[in-house]
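This one's a predicted model, so the numbers in the text were calculated from it and none came from an experiment. Order of listing sets the numbers, starting from 1, for every ligand and every atom in it.
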Amino acid sequence: MNLESIYGLTSEQLTTWLLERGHKKGRAAQVWDWLYRKRVTDFSEMKDVNKDCLQLLQEHFSIQTLTEHTKQESADGTVKFLFNLKDGSLIETVLMRHKYGLSVCVTTQVGCNIGCSFCASGLLKKDRDLSSGEIVEQIMKVQLHLDQVGQGEKVSHIVIMGIGEPFDNFKNMVDFLEIVKDQKGLEIGPRHITVSTSGLAEKIYEFADLKLQVNLAISLHAPNDELRTRIMKINRAIPLSKLMPAIDYYIEKSNRRITLEYILLKDVNDQKEHAQELAELIGGRRAYVNLIPYNPVDEHSQYQRSDEQSVLAFYDVLKKNGINCGIRIEHGTDIDAACGQLRSKQIKQAK
Ligand code: SAH
Ligand code: SF4
């Protein structure tokens, strides 16, 4: 039977659910503690929880809905997990080690409908959205892996940059954020969480109004409409004239700077003129530009990675124009580059 993942409920939802079935208020907190602090993987391990309550939970929910398909560990400590969902779909989750802590990159959809021309995830159309529980469980699986390693390490940061467009699975993504932020559970600070979107402007307004205090990253990748439409077809429906005001609204509402992601594609968007145009587009906005080295994707052979000289020249132009920026450090390049690539390779092999 396909039971829903218990990780998908916020503590408030779990409290209400149990109250409605005659269980007293403290019960949900107890269950929550077993799930996120003691991190059991079976209801029978929740020792002090009332038997009737456990039975009820067991009848309606599952703790484990993901199964590990493969796990690859890189020399720099990056670990890529490929998970099977209950329906057999494959998703990818990545653990990265930084000086400031451990971050996990999660997947939000099986495939992606935005279809950016450089991305491995967009090669396969979206099959379905992940439930909030399936997104939370990715973090739990990584945390359980760390628990097993036994160094006492904790996931401290989250990036929603795996397969899928998070703003196209808005409600589940927001529930996911509520759950991982909860101070009774994983307690991951909102400032340690980054959501990346291809720029669904209407959802950016909605997200800003929620005031969740998480970091927002926008996949910009080009300084003008002509070029952006060429590499990201979503720009036809949502051009810069719609996207930039949404970005301004987020900065104003959250009182935080925004991150603009810019993949450097050789001879496509990596010239000094592009950097100059980008600086002018950004102007005085509170923004940080993250320059991303492109991870080549077999099916997108029209794109190559920019050479180091061009990357540095691009960076210099931005800096000279007073733009806050940095070049992203890569993780796990020896295992399988960007998110979505391991999955797409696995699917190709299976065909
Ligand atoms: N759909 C969302 C989040 C997932 S993609 C978005 O597009 O923002 C996360 C980031 O990885 C995006 O900035 C995306 O443009 C980038 N990306 C996709 N394919 C890449 C590749 N082959 N090399 C480097 N970055 C890539
Ligand atoms: Fe989807 Fe993001 Fe990939 Fe574009 S870059 S196809 S939005 S996952």
Peer 1: What distance do D42 atom CG and I63 atom CD1 have between them, rounded to the nearest 0.5 Å?
Peer 2: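 One gets 6.0 Å once the value is rounded to the nearest 0.5 Å.
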Peer 1: Is it true that F118 and H221 have ring centroids separated by less than 6.0 Å?
Peer 2: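 Centroid separation for F118 and H221: below 6.0 Å.
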Peer 1: Mind checking whether F176 and T108 have side chains closer than 4.5 Å, heavy atoms only?
Peer 2: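 F176 vs T108: side chains apart.
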Peer 1: So, does S219 sit close enough to ligand 2 that a heavy atom of it is under 4.0 Å from the ligand?
Peer 2: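 Under 4.0 Å: no for S219.
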Peer 1: Considering only the protein, which heavy-atom contact is closest to atom 7 (S) of ligand 2, and what is its distance?
Peer 2: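 Answer for atom 7 (S) of ligand 2: I114 CB, 3.5 Å.
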Peer 1: Among all protein heavy atoms in this structure, tell me which lies nearest to atom 6 (S) of ligand 2, with the distance rounded to 0.1 Å.
Peer 2: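 Of every protein heavy atom, C116 N, 3.3 Å lies nearest to atom 6 (S) of ligand 2.
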Peer 1: For atom 3 (Fe) of ligand 2, which protein heavy atom lies nearest, and how many Å away is it?
Peer 2: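 Sorting protein heavy atoms by distance from atom 3 (Fe) of ligand 2 puts C119 SG, 2.4 Å first.
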Peer 1: Heavy-atom distances under 4.0 Å are what count here, so tell me which part of I263 touches ligand 1: side chain, backbone, both or neither.
Peer 2: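 Side chain only.
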Peer 1: Just jot down the ligand 1 atoms closer than 4.0 angstrom to any heavy atom of E165, in number order.
Peer 2: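 Atoms satisfying the 4.0 Å criterion: 1 (N), 2 (C).
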Peer 1: Using a 4.0 Å heavy-atom cut-off, say whether E261 meets ligand 1 through its side chain, its backbone, both or neither.
Peer 2: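 The side chain, only.
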Peer 1: Can you list the atoms of ligand 1 that are under 4.0 Å from a heavy atom of G162?
Peer 2: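 That gives atoms 4 (C) of ligand 1.
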Peer 1: Counting heavy atoms only, name the option from S117, P296, S196 that's nearest to atom 8 (O) of ligand 1.
Peer 2: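 Looking at heavy atoms only, S196 sits closest to atom 8 (O) of ligand 1.
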Peer 1: Which of the numbered atoms in ligand 2 are under 4.0 angstrom from any heavy atom belonging to G164?
Peer 2: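 Result: 8 (S).
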Peer 1: Exactly one of K47, K38, R39 should register a salt bridge (Lys or Arg N to Asp or Glu O under 4.0 Å) with D33. Which one does?
Peer 2: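 Running salt bridge (Lys or Arg N to Asp or Glu O under 4.0 Å) over K47, K38, R39 with D33 returns exactly one hit, K38.
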Peer 1: Which atoms of ligand 1 have any heavy atom of H221 under 4.0 Å away?
Peer 2: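 That gives atoms 13 (O), 14 (C), 15 (O) of ligand 1.
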Peer 1: Under 4.0 Å from a heavy atom of V297: give me the atoms of ligand 1 that qualify, with their elements.
Peer 2: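 Answer, ordered by atom number: 22 (N).
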Peer 1: Per the side chain to side chain contact (heavy atoms under 4.5 Å, CB included) rule, which among Q276, E280, H274 passes with P223?
Peer 2: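 Single side chain to side chain contact (heavy atoms under 4.5 Å, CB included) partner of P223 among Q276, E280, H274: H274.
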Peer 1: Which atoms of ligand 2 are found less than 4.0 Å from any heavy atom of S198?
Peer 2: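 Those of ligand 2 that fall under 4.0 Å from S198 are 7 (S).
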Peer 1: Given the side-chain rings of Y7 and Y36, with only the six-membered ring counted for Trp, is the space between their centroids under 6.0 Å?
Peer 2: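 Centroid separation for Y7 and Y36: below 6.0 Å.
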Peer 1: How about W17 and H60: are their ring centroids closer than 6.0 Å?
Peer 2: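 Ring centres of H60 and W17 closer than 6.0 Å.
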Peer 1: So do the side chains of S11 and D182 get within less than 4.5 Å of each other, counting heavy atoms only?
Peer 2: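 In short, these two side chains touch, coming nearer than 4.5 Å.
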Peer 1: Closest by any non-hydrogen atom to atom 18 (C) of ligand 1: pick that one out of Y262, Y303, F118.
Peer 2: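 The option holding the nearest heavy atom is F118.
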Peer 1: Would you say Y294 has any N or O atom under 3.5 Å from an N or O of ligand 1, going by distance alone?
Peer 2: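 Min N/O separation from ligand 1 is not below 3.5 Å for Y294.
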Peer 1: Tell me if the aromatic rings of F81 and H145 count as close, with their centers under 6.0 Å from one another.
Peer 2: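 They qualify: ring centres under 6.0 Å apart.
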Peer 1: Ring-plane angle category for F314 and Y262, please: parallel below 30°, perpendicular beyond 60°, tilted otherwise.
Peer 2: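 F314 vs Y262 ring planes: tilted.
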Peer 1: Distance under 4.0 Å to a non-hydrogen atom of G164: what atoms of ligand 1 satisfy this?
Peer 2: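 Counting from 1, the qualifying ligand atoms are 1 (N), 2 (C), 3 (C), 4 (C).
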Peer 1: Give the numbers and elements of all ligand 2 atoms closer than 4.0 Å to a heavy atom of C112.
Peer 2: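 By the 4.0 Å cutoff, the relevant atoms are 1 (Fe), 6 (S), 7 (S), 8 (S).
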Peer 1: Pull out every atom of ligand 1 sitting under 4.0 Å from any heavy atom of T197, numbered as shown with elements.
Peer 2: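 Checking each atom against T197, I get 6 (C), 8 (O).
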Peer 1: Please examine the side chains of E202 and K242, heavy atoms only from C-beta on, and report whether any two atoms are closer than 4.5 Å.
Peer 2: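 K242 does not reach E202 side chain to side chain.
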